[in-house]
Student: 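Please see the structure below; I have some questions.
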Amino acid sequence: MANRFAIILAAGQGTRMKSKLYKVLHAVCGKPMVEHVVDQVEAAGIEKVVTIVGHGADTVKGCLGDRSEYVLQAQQLGTGHAVLQAQAVLENEEGTTLVICGDTPLLTAETLESLLQYHEEKKAKATILTAHAADPNGYGRIIRNASDNVEKIVEQKDASPEEVLVQEINTGTYAFDNKFLFAALQSVGNNNAQGEYYLPDVIEILKNQGEIVTAYQMSDMGEALGVNDRVALAEASVYMKRRINEKHMRNGVTLIDPDNTYIESDVVIGSDTVIEPNVFLKGKTIIGEDCFIGSGSELSNTTIGDRVQVRSSNLEDSVMESDSNIGPFSHLRPNSHIGKRVHIGNFVEVKNAILNEDTKVGHLTYVGDADLGKNINVGCGTVFVNYDGKNKHRSSIGDNTFIGCNVNIVAPVTVEANTFLAAGSTITKDVPEGAMGIARSRQENKPGYWEKLPPAKK
């Protein structure tokens with residue numbers, strides 16, 4: 001197999017997006033478009049990636065990091081000019097170069113691999129990725145010769161009546177013999193209304209030199225969608241969502257209503273998990289087998305084990321181990337670790353805390369900056385008071401502790417194992433093992449008080 005390289009065109013400003021955010025960084029299913037492209041390029045076996053950057057160069061570099069080399073196109077003078085910027089990096093390389101736009105997030109590694117393989121099998125100097133369009137209006141048409149190779153690409157405004165009827169269109173993605181590409185680019189001119197250098201002109205140059213130019217027609221035109229405005233961005237997101245959801249369903253996940261289930265591209269879900277509508281699964285979330293994710297839940301960068309139940313709750317940057325459950329209407333904030341068989345009921349907030357196995361937090365409770373042992377009962381209305389106005393402090397609760405309702409635990413406090421905290425207490429001191437902590441004023445009853453009240457006004 002030939003050496004393989006990729007040039008990603010990502011220098012355009014994207015004015016039609018009407019956005020402060022650089023175009024290729026707009027997200028499709030939770031990931032910037034250009035990152036989707038790099039993912040698929042790498043999966044297709046590309047060894048070296050060169051990204052052409054312009055507007056927002058630093059933000060693109062920050063997104064892709066060391067997954068790519070970068071070349072600056074200081075002036076945007078057309079696609080041919082953009083590719084030419086990679087000359088210093090690639091011109092002496094032997095092999096095949098893929099040229100792909102950074103705003104085509106739907107192209108798959110399978111399609112790119114098929115394009116490259118076809119190009120190399122045909123020993124072509126250039127191969128155009130094409131698609132069959134039911135309505136080719138606005139696209140450049142692919143005109144083939146008797147040998148089924150490409151005769152030319154003709155834009156609609158320049159097409160004859162017969163050529164207008166052609167339904168094979170140019171998607172704007174190409175495979176080239178690397179050395180022939182950069183040699184031909186030297187001959188590309190800018191004698192056009194825009195004064196720009198167009199990459200498709202390389203096709204005509206290679207044809208005039210008698211070189212083989214072929215076309216590989218992809219099976220699904222939807223993959224070729226280029227995103228130039230917010231309407232196309234929404235179309236790409238819908239397409240990607242459908243693709244992602246179908247993948248999970250074919251892998252054994254039940255989506256009750258796929259059209260209203262939102263799963264980002266890097267999410268992993270185990271088989272026999274059931275997901276209700278209006279669920280959002282984001283980032284690097286990992287879900288085990290036999291789980292239930294109820295309507296209205298949102299999980300972001302969270303890992304949950306097997307047989308976990310999540311009902312109408314929000315989980316972010318946290319872990320829930322197997323057989324635990326949460327909700328409805330509870331919130332795991334970052335750095336929460338929920339152990340096996342832990343129960344978190346309704347209206348509970350956990351932040352930067354560890355709850356070990358078999359602990360129960362039923363309802364209306366805040367657990368922040370705390371380490372809870374095993375088999376603890378946390379009563380309704382308990383608050384871990386972790387902030388003194390300047391600094392956060394941490395509390396530790398030992399195994400088998402019973403915490404009554406409406407207890408305030410004022411950090412830093414250590415409560416040893418096998419203890420009781422009496423309902424209504426404000427705990428400010430450590431509690432030794434086996435003791436009961438109680439901190440509340442003594443009740444007094446005032447007899448005859450009712451008779452002393454003034455009469456109600458009418």
Side-chain angles (χ1 to χ4, degrees), residues 2-13 24 34 37 41 46-55 57 60 68-104 107 112 115-116 118-120 122-130 140 142-143 149-155 158 170-216 226:
N3 296 326
R4 291 177 174 178
F5 317 101
I7 297 173
I8 299 176
L9 305 183
Q13 187 171 5
V24 298
V34 71
V37 173
V41 163
I46 304 294
E47 296 150 2
K48 179 184 284 191
V49 178
V50 179
T51 301
I52 310 302
V53 293
H55 297 284
V60 174
S68 174
E69 297 182 39
Y70 302 93
V71 178
L72 179 67
Q73 185 188 20
Q75 289 183 284
Q76 278 66 64
L77 300 177
T79 52
H81 180 261
V83 173
L84 189 60
Q85 306 312 298
Q87 182 171 0
V89 180
L90 292 176
E91 68 173 332
N92 295 321
E93 300 283 0
E94 297 275 358
T96 300
T97 294
L98 174 75
V99 178
I100 184 171
C101 294
D103 61 1
T104 54
L107 285 168
L112 299 179
L115 167 67
L116 295 169
Y118 183 88
H119 170 82
E120 291 161 3
K122 295 295 183 180
K123 296 179 168 45
K125 295 300 183 283
T127 301
I128 307 159
L129 181 63
T130 69
I142 302 298
I143 308 302
N149 289 328
V150 174
E151 185 66 33
K152 61 180 177 178
I153 304 173
V154 60
E155 298 303 319
D158 301 320
N170 179 18
T171 68
T173 298
Y174 307 87
F176 292 101
D177 178 288
N178 186 69
K179 287 197 169 181
F180 276 80
L181 167 63
F182 286 103
L185 282 169
Q186 307 303 317
S187 301
V188 173
N190 66 340
N191 186 22
N192 52 64
Q194 285 73 34
E196 295 185 349
Y197 301 85
Y198 295 133
L199 183 61
D201 289 354
V202 170
I203 302 300
E204 184 176 357
I205 291 168
L206 293 174
K207 284 293 300 178
N208 291 339
Q209 293 174 354
E211 303 296 347
I212 297 174
V213 176
T214 62
Y216 174 78

Student: Measure the spacing between CG of L77 and OH of Y197 and express it to the nearest 0.5 Å.
Tutor: 7.0 Å

Student: Check ring-ring contact (aromatic ring centres under 6.0 Å, His included) between Y70 and all other residues, then give those that pass, not counting sequence neighbours.
Tutor: none

Student: Could you state the interatomic distance from CD (E196) to CG (N190), rounded to the nearest 0.5 Å?
Tutor: 9.0 Å

Student: Distance from N192 atom CG to Y198 atom OH, nearest 0.5 Å?
Tutor: 4.0 Å

Student: Would the distance check show the side chain of N3 and the main-chain N or O of E47 forming a donor-acceptor pair, the cut-off being under 3.5 Å?
Tutor: no

Student: Determine whether R4 and I46 make a side-chain contact, defined as any pair of heavy atoms from C-beta on separated by less than 4.5 Å.
Tutor: yes

Student: Are L112 and I100 packed together at the side-chain level, in the sense that at least one heavy-atom pair is separated by less than 4.5 angstrom?
Tutor: yes

Student: Provide the closest heavy-atom pair for E120 versus A2 in the form atom of the first, atom of the second, distance.
Tutor: OE2-CB, 4.0 Å

Student: Within the 4.5 Å heavy-atom criterion, are V37 and L107 side-chain neighbours or not?
Tutor: no

Student: What are the two closest heavy atoms between A175 and L115, and how far apart are they?
Tutor: CB-CG, 4.2 Å

Student: Kindly say whether L129 contributes a backbone atom to a donor-acceptor pair with the side chain of T171 at under 3.5 angstrom?
Tutor: yes

Student: Kindly indicate whether the side chain of I143, heavy atoms from C-beta on, has any atom under 4.5 Å from the side chain of I153.
Tutor: no

Student: What are the two closest heavy atoms between A11 and Q73, and how far apart are they?
Tutor: CB-OE1, 3.3 Å

Student: Could you state the interatomic distance from OH (Y174) to SG (C101), rounded to the nearest 0.5 Å?
Tutor: 8.0 Å

Student: Look up atom CD in Q85 and atom CG in L9, then write down how far apart they are to the nearest 0.5 Å.
Tutor: 11.0 Å

Student: What pair of heavy atoms forms the shortest contact from H119 to D177, and how long is it?
Tutor: NE2-N, 3.7 Å

Student: Please set out all donor-acceptor pairs under 3.5 angstrom arising from side-chain atoms of residues 199-210, sequence neighbours excluded.
Tutor:
residue : atom : partner : partner atom : Å
K207    : NZ   : V150    : O            : 3.2
N208    : ND2  : E204    : O            : 3.3

Student: Would you check if N170 and I142 make a side-chain contact, meaning some heavy-atom pair closer than 4.5 Å?
Tutor: yes

Student: Atom CZ of F5 and atom CD of E69: how far apart are they, to the nearest 0.5 Å?
Tutor: 10.5 Å

Student: For a quick test of your reading: what N or O donor-acceptor pairs under 3.5 Å do the side chains of residues 179-186 make, sequence neighbours left out?
Tutor:
residue : atom : partner : partner atom : Å
K179    : NZ   : E94     : OE2          : 3.1
Q186    : NE2  : Q87     : OE1          : 3.3
Q186    : NE2  : F182    : O            : 3.2

Student: Sub-3.5 Å donor-acceptor pair from the side chain of S68 to the main-chain atoms of T51, do we have one?
Tutor: yes

Student: Which heavy atom of V41 sits nearest to which heavy atom of A6, and what is that distance?
Tutor: CG1-CB, 3.7 Å

Student: Taking the side chain as C-beta and beyond, is there a heavy-atom pair between K122 and T127 under 4.5 Å?
Tutor: no

